[in-house]
Amino acid sequence: MNKETIAKQLDEAASSAEAVEQISLTQQLTEDEAYEIQAKSMEERYARNDDFVGLKLGFTSFAKMEQMGVHDMIWGRLTQNMWIENGGEVNLSSFIHPRAEPEIAFKLKKDLDREISLDEIPDYIESCSSAIEIIDSRYKNFKFSLEDVIADNCSSTGFILGDWKPLPKSLNDLQMSLSFDGEIVESDSSNAILDNPYLSVCNASRLAAKYGQPFPKGSVLLAGAATPAVFIKPNSIVSAEVETLGGVSVKIV
Ligand code: OOG
Ligand code: MG
């Protein structure tokens, strides 16, 4: 299959909530080819009046890498239609086999078009918040290679942001948890994210510049999950809490 066909197939799998076979079962892709497919599949979404609103990193914690058997950082694009209001509702029937993750989000106060260092973060990042990411692999059994998941826009499906907070001096040693109906199902320290969640900003700036992805003022960045992802159940409330940043929740119907 050519890249165009794979991009369309993955886009169709996402819109119809019907899983497809992993590409890597029949065809070898390089990482760069997988990012080209991701870019092409995003064109399909943008053509349906969806808009780019930010980036996400994946596999920034050891717990996530171990869970999925994939050991490299990846990045994907977030769109307006993936953005779910804090306290809002999502319908499980629009997904294949969704999972939730506790995350930290950032908001850009300036266009970011080159790799920045930790010292520069206060110049480029306006605020941060607690977040939930909902991921939903378009591949059967939620199984993929690194190239498969990159082509599938890193399983990006939905995200919910808590209230924006001023940047603290440090985002280390904060307890992060994911709860279903008020019961904690996963928790870890924020250090699980690259030993320092601020390093997600540096890495996202590097990757966006490397792949020529504009990362403009106002964009959101999801830093990557601190814990393994957990399958979502119908008729439940999913919430995440990041110590000092507060909570965020979504109702699954
Ligand atoms: C890929 C997305 C990983 C994260 O936060 O690590 C991710 C997947 O596990 O399906 O979003
Ligand atoms: Mg994530």
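Counting starts at 1 for both ligands and their atoms, in listed order. Owing to the predicted nature of the structure, the values given are computational and were not obtained by experimental measurement.
Counting atoms of ligand 1 from 1 in the listed order, those under 4.0 Å from a heavy atom of Val149 are 1 (C). Taking every non-hydrogen atom of Ile135 and a distance limit under 4.0 Å, the qualifying atoms of ligand 1 come out as 8 (C), 9 (O), 10 (O), 11 (O). Counting atoms of ligand 1 from 1 in the listed order, those under 4.0 Å from a heavy atom of Gly58 are 3 (C), 4 (C), 6 (O), 7 (C). In the vicinity of Cys154, heavy-atom distances shorter than 4.0 Å reach the ligand 1 atoms 1 (C), 2 (C). When each atom of ligand 1 is checked for a heavy atom of Met68 under 4.0 Å away, the hits are 9 (O). Atoms of ligand 1 found under 4.0 Å from any heavy atom of Phe144 (numbered from 1 in listed order, with element): 8 (C), 9 (O), 10 (O).
Val70 is connected to Leu194 through a chain of hydrophobic side-chain contacts under 4.5 Å among Ile, Leu, Val, Met, Phe, Trp and Tyr, so both are in one cluster. Cluster annotation: Val248 and Met176 are assigned to distinct hydrophobic clusters (Ile/Leu/Val/Met/Phe/Trp/Tyr, side-chain heavy-atom contacts under 4.5 Å, transitive). No continuous path of ILVMFWY side-chain contacts below 4.5 Å connects Phe159 to Val238, so the two sit in separate hydrophobic clusters. A continuous path of Ile, Leu, Val, Met, Phe, Trp and Tyr side chains, each step under 4.5 Å between heavy atoms, connects Ile37 with Leu55, placing both in one hydrophobic cluster.
By the 3.5 Å distance cut-off applied to N or O atoms, Thr60 is not counted among the residues near ligand 1.
Contact analysis leaves Gln67 out of contact with ligand 1, as no non-hydrogen atom separation drops below 4.0 angstrom. Under a 4.0 Å heavy-atom criterion, Gly224 is in contact with ligand 1.
Listed for the Ser137 side chain is no donor-acceptor partner under 3.5 Å among the backbone atoms of Phe142. A donor-acceptor pair under 3.5 Å is formed between the side chain of Asp181 and the backbone N or O of Ile237. In this structure, the side chain of Gln38 engages the main chain of Trp75 through a donor-acceptor pair within 3.5 Å. In this structure, the side chain of Asp148 engages the main chain of Ser24 through a donor-acceptor pair within 3.5 Å.
Judged by distance alone, the side chains of Asn191 and Asn196 never bring a donor and an acceptor atom under 3.5 Å apart. Looking only at atom types and distance, the side chain of Ser94 has no donor-acceptor partner in the side chain of Asn91 under 3.5 Å away.
Among all protein heavy atoms, the one lying closest to atom 9 (O) of ligand 1 is Lys64 NZ, 2.8 Å. Phe59 N, 2.8 Å is the protein heavy atom nearest to atom 6 (O) of ligand 1. Taking atom 5 (O) of ligand 1 as the reference point, the nearest protein heavy-atom neighbour is Ala225 N, 2.8 Å. What sits closest to atom 10 (O) of ligand 1 on the protein, heavy atoms only, is Ser155 OG, 2.6 Å. The nearest heavy-atom contact from the protein to atom 7 (C) of ligand 1 is Glu101 OE2, 3.4 Å.
By the criterion of a separation under 2.8 Å, the protein N/O/S atoms near the Mg ion (ligand 2) amount to Glu101 OE1, Glu103 OE2, Glu133 OE1.
In terms of heavy-atom proximity, Ser200 sits nearest to Thr60 at OG-CG2, 4.4 Å. Nearest heavy atoms, Ser15 versus Arg48: OG-NH2, 4.0 Å.
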Table please: side-chain donor-acceptor pairs of residues 105-115 below 3.5 Å, with sequence neighbours left out.
{"unit_1": "Lys109", "atom_1": "NZ", "unit_2": "Pro122", "atom_2": "O", "d": "2.7"}
{"unit_1": "Asp111", "atom_1": "OD1", "unit_2": "Lys217", "atom_2": "N", "d": "2.9"}
{"unit_1": "Arg114", "atom_1": "NH1", "unit_2": "Glu120", "atom_2": "OE2", "d": "3.3"}
{"unit_1": "Arg114", "atom_1": "NH2", "unit_2": "Glu120", "atom_2": "OE2", "d": "2.5"}
{"unit_1": "Arg114", "atom_1": "NH2", "unit_2": "Tyr124", "atom_2": "OH", "d": "3.2"}

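Cation-pi geometry between Arg77 and Phe52 is not met at under 6.0 angstrom from the ring centre and within 45 degrees of the axis.
At a heavy-atom distance under 4.0 Å, only backbone atoms of Leu57 (N, CA, C or O) approach ligand 1. Within the 4.0 Å heavy-atom criterion, the part of Lys56 lying near ligand 1 is the side chain and not the backbone.
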